[in-house]
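Okay, so here's the structure we're looking at.
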Amino acid sequence: MLRTFNRNTFLFNKGSELKYHFQIVSGLAKFVREDQKGHRITFQILGNGDANYLILAGLPLPFDMVAITDCTVLMMPKDDFCR
């Protein structure tokens, strides 16, 4: 399924269970985390064609994922991806 996210929208939140494998079709998104002083640190920026395979770890998401620009994301349910 394709989903569109507006700029500055959270795609996923820290601590949530990933239920989808995702790949950026267009736009930019980033993984961010707040440090102990409240500063937001960017860990990774994903763009067109980029994907992340954290779903395979089966652990809660260690970062927030936020759209930097309007973006379209291909999202495949975990059960379909892990077959």
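None of the values given here were measured: they were computed from a predicted structure.
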Between Phe12 and Phe22, does the ring centroid distance fall short of 6.0 Å? yes
Are the aromatic rings of Phe31 and Phe63 close, with centres under 6.0 Å apart? yes
Return the minimal non-hydrogen interatomic distance between Ile24 and Gly27, and the atom names on each side. CG2-O, 3.5 Å
What one should report as the nearest heavy-atom pair of Arg33 and Pro62 is NH2-O, 2.9 Å
Decide whether [X] and [Y] are clustered together by the hydrophobic rule: side chain heavy atoms of Ile, Leu, Val, Met, Phe, Trp, Tyr closer than 4.5 Å, transitively.
X	Y	result
Phe5	Leu18	yes
Ile41	Met65	yes
Met76	Met1	yes

As an exercise, state the distance from [atom1] of [X] to [atom2] of [Y], rounded to the nearest 0.5 Å.
X	Y	atom1	atom2	result
Leu59	Glu17	CG	CD	10.0 Å
Gln44	Asp50	CD	CG	7.5 Å
Thr42	Ile68	OG1	CD1	7.0 Å
Gln23	Leu46	CD	CG	10.0 Å

In terms of heavy-atom contacts, does OH of Tyr20 have more than 12 from other residues, nucleotides or ligands at under 6.0 Å? no
State which residue, out of Asp70, Val73, Asn48, fulfils the side chain to side chain contact (heavy atoms under 4.5 Å, CB included) condition with Ser26. Asn48
Any side-chain heavy-atom pair from Arg7 and Thr69 closer than 4.5 angstrom? no
Is the closest side-chain heavy-atom distance between Leu61 and Lys14 below 4.5 Å? no
Under the side chain to side chain contact (heavy atoms under 4.5 Å, CB included) rule, what do Val66 and Leu11 come out as? Steps first, then yes or no, please. CA-CA 6 Å; Val66 181; Leu11 285 70; 5.7 Å; no
Closer than 4.0 angstrom, basic N to acidic O: yes or no for Arg40 and Asp35? no
